[in-house]
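Remarks on the structure that follows.
Position 1 is the first residue of the sequence, and the numbers go up from there.
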Amino acid sequence: MLTLTPRNGAAPRVFGPAPHGQGSQIAPIMLQEELWERMRALPYVYMSPTLVSVPHARALFLPEGVGSGPAEAFQRGREWAHIHPHHDGSLHLTLPPEAEEDVIAAGWGVHHPVQAVTLIYGPRTAAELETVWKIVQLSYRYAIGAG
């Protein structure tokens, strides 16, 4: 079970399913970039054009042979997460089903209407960045088979 502080306020407007993203309460660019820097610094990950998202989304992959996460931990190929362009600021990642339930119940995101991924709202504050980072790390551990 993932213990998360509930997200403050009403949920942002979400659009989709294709593309699927966040349309209000956009995260400040500095926080988006801080999150991205943390994500891309995780061990073994590499950046590559997304296989599933909109142009200019930045995606993270794990190389073949690294980790032992289930097929469900990846969106397509070895892509396990991507962050949307600055005008959106949300991200899609994969989570174990029970963790996704906890994330949604705490108000941090929604299930994608068509794909088996979770939309995580972009962080609006430094405190929210820490919670979103916690969710990203859980997704990463799922992909490498460590959690």
Side-chain angles (χ1 to χ4, degrees), residues 1-62 69-144 146-147:
M1 181 173 168
L2 183 63
T3 304
L4 296 172
T5 303
R7 185 178 181 274
N8 288 327
R13 182 175 54 80
V14 172
F15 56 86
H20 186 237
Q22 182 173 334
S24 66
Q25 303 180 33
I26 306 303
I29 292 173
M30 280 181 49
L31 293 177
Q32 291 181 42
E33 290 303 311
E34 172 65 25
L35 178 61
W36 175 247
E37 290 302 317
R38 292 181 188 190
M39 291 170 69
R40 61 182 234 139
L42 288 165
Y44 309 111
V45 301
Y46 68 92
M47 300 169 291
S48 190
T50 180
L51 300 176
V52 295
S53 190
V54 298
H56 307 293
R58 296 174 282 177
L60 293 175
F61 295 75
L62 284 174
E72 298 80 26
F74 299 94
Q75 297 177 39
R76 185 174 297 156
R78 299 287 289 173
E79 181 176 345
W80 62 274
H82 60 258
I83 189 167
H84 297 125
H86 289 152
H87 67 272
D88 178 326
S90 64
L91 55 150
H92 278 117
L93 45 73
T94 55
L95 292 167
E98 63 280 359
E100 184 190 49
E101 290 174 14
D102 293 340
V103 166
I104 292 169
W108 289 99
V110 295
H111 186 76
H112 192 290
V114 178
Q115 300 172 4
V117 298
T118 311
L119 176 77
I120 304 298
Y121 306 136
R124 301 169 293 182
T125 65
E128 286 190 1
L129 172 64
E130 297 309 319
T131 299
V132 171
W133 176 233
K134 186 176 182 179
I135 296 167
V136 167
Q137 291 176 87
L138 177 65
S139 177
Y140 172 75
R141 288 191 305 273
Y142 183 45
I144 63 169

Just verifying a value: how many Å separate Leu31 CG and Leu129 CG, rounded to the nearest 0.5 Å? 5.5 Å
Check this for me: does any side-chain nitrogen of one of Arg58 and Glu33 sit under 4.0 Å from a carboxylate oxygen of the other? yes
Pair Arg7, Gln25: side-chain N/O donor-acceptor within cut-off below 3.5 Å: yes
With the side chain counted from C-beta on, respond yes when Val14 and His20 share a heavy-atom pair under 4.5 Å apart, and no when they do not. yes
Is there a side-chain contact between Leu119 and His112 in this structure, where contact means two heavy atoms from C-beta onward sitting under 4.5 Å apart? no
State the CG-CD1 distance between Leu42 and Ile144, to the nearest 0.5 angstrom. 8.5 Å
Closest approach of Phe61 and Arg76, non-hydrogen atoms and distance? CE2-O, 4.4 Å
Residue His56 excluded, over 12 heavy atoms near NE2 under 6.0 Å: no
Closest non-hydrogen atoms of Ile104 and Gly109, given as atom of the first, atom of the second and distance, are CG1-O, 3.5 Å
Checking Glu101 now: which residues fulfil side-chain contact (heavy atoms from CB on, under 4.5 Å) with it, not counting sequence neighbours? none
Exactly one of Leu62, Val45, Leu51, Leu60 clears side chain to side chain contact (heavy atoms under 4.5 Å, CB included) with Arg78, and that residue is Leu62
Is it the case that the side chains of Glu100 and His111 hold a donor-acceptor pair, with the cut-off being a distance below 3.5 Å and no angle test? yes
Short N-O contact, Glu130 and Lys134, less than 4.0 angstrom: no
Is any side-chain heavy atom of Tyr121 less than 4.5 Å from a side-chain heavy atom of Ser90? no
Do the side chains of Tyr142 and Pro70 get nearer than 4.5 Å, heavy atoms only? yes
Taking atom types as modelled, find out whether Gln75 and Thr94 have a side-chain donor-acceptor pair closer than 3.5 angstrom. no
Would the distance check show the side chain of Glu34 and the main-chain N or O of Met30 forming a donor-acceptor pair, the cut-off being under 3.5 Å? no
Checking side chain to side chain donor-acceptor pair (under 3.5 Å) for the pair His92/Gln115: CA distance, chi angles, key distance, verdict? CA-CA 10 Å; His92 278 117; Gln115 300 172 4; 5.9 Å; no
Side-chain heavy-atom pair Tyr140, Tyr44 within 4.5 angstrom cut-off: yes
Looking only at atom types and distance, does a side-chain atom of Gln22 sit under 3.5 Å from a main-chain N or O of Asp88, one as donor and one as acceptor? no
Heavy-atom closest pair, residues Ala59 and Pro49: CB-C, 4.3 Å
Would you mind reporting whether Leu93 and Val117 have side-chain heavy atoms less than 4.5 Å apart? no
Looking at side-chain heavy atoms only, is the closest gap between Thr125 and Asn8 below 4.5 Å? no
Ignoring hydrogens and angles, tell me if any N or O in the side chain of Trp108 forms a donor-acceptor pair with the backbone of Thr5 under 3.5 Å. yes
Just by distance, do the side chain of Ser24 and the backbone of Arg13 share a donor-acceptor pair under 3.5 Å? yes
Working to the nearest 0.5 angstrom, can you tell me the gap between Leu35 CG and Glu128 CD? 12.0 Å
Indicate yes or no: at least one non-hydrogen side-chain atom of Thr118 is less than 4.5 angstrom from one of Val110. no
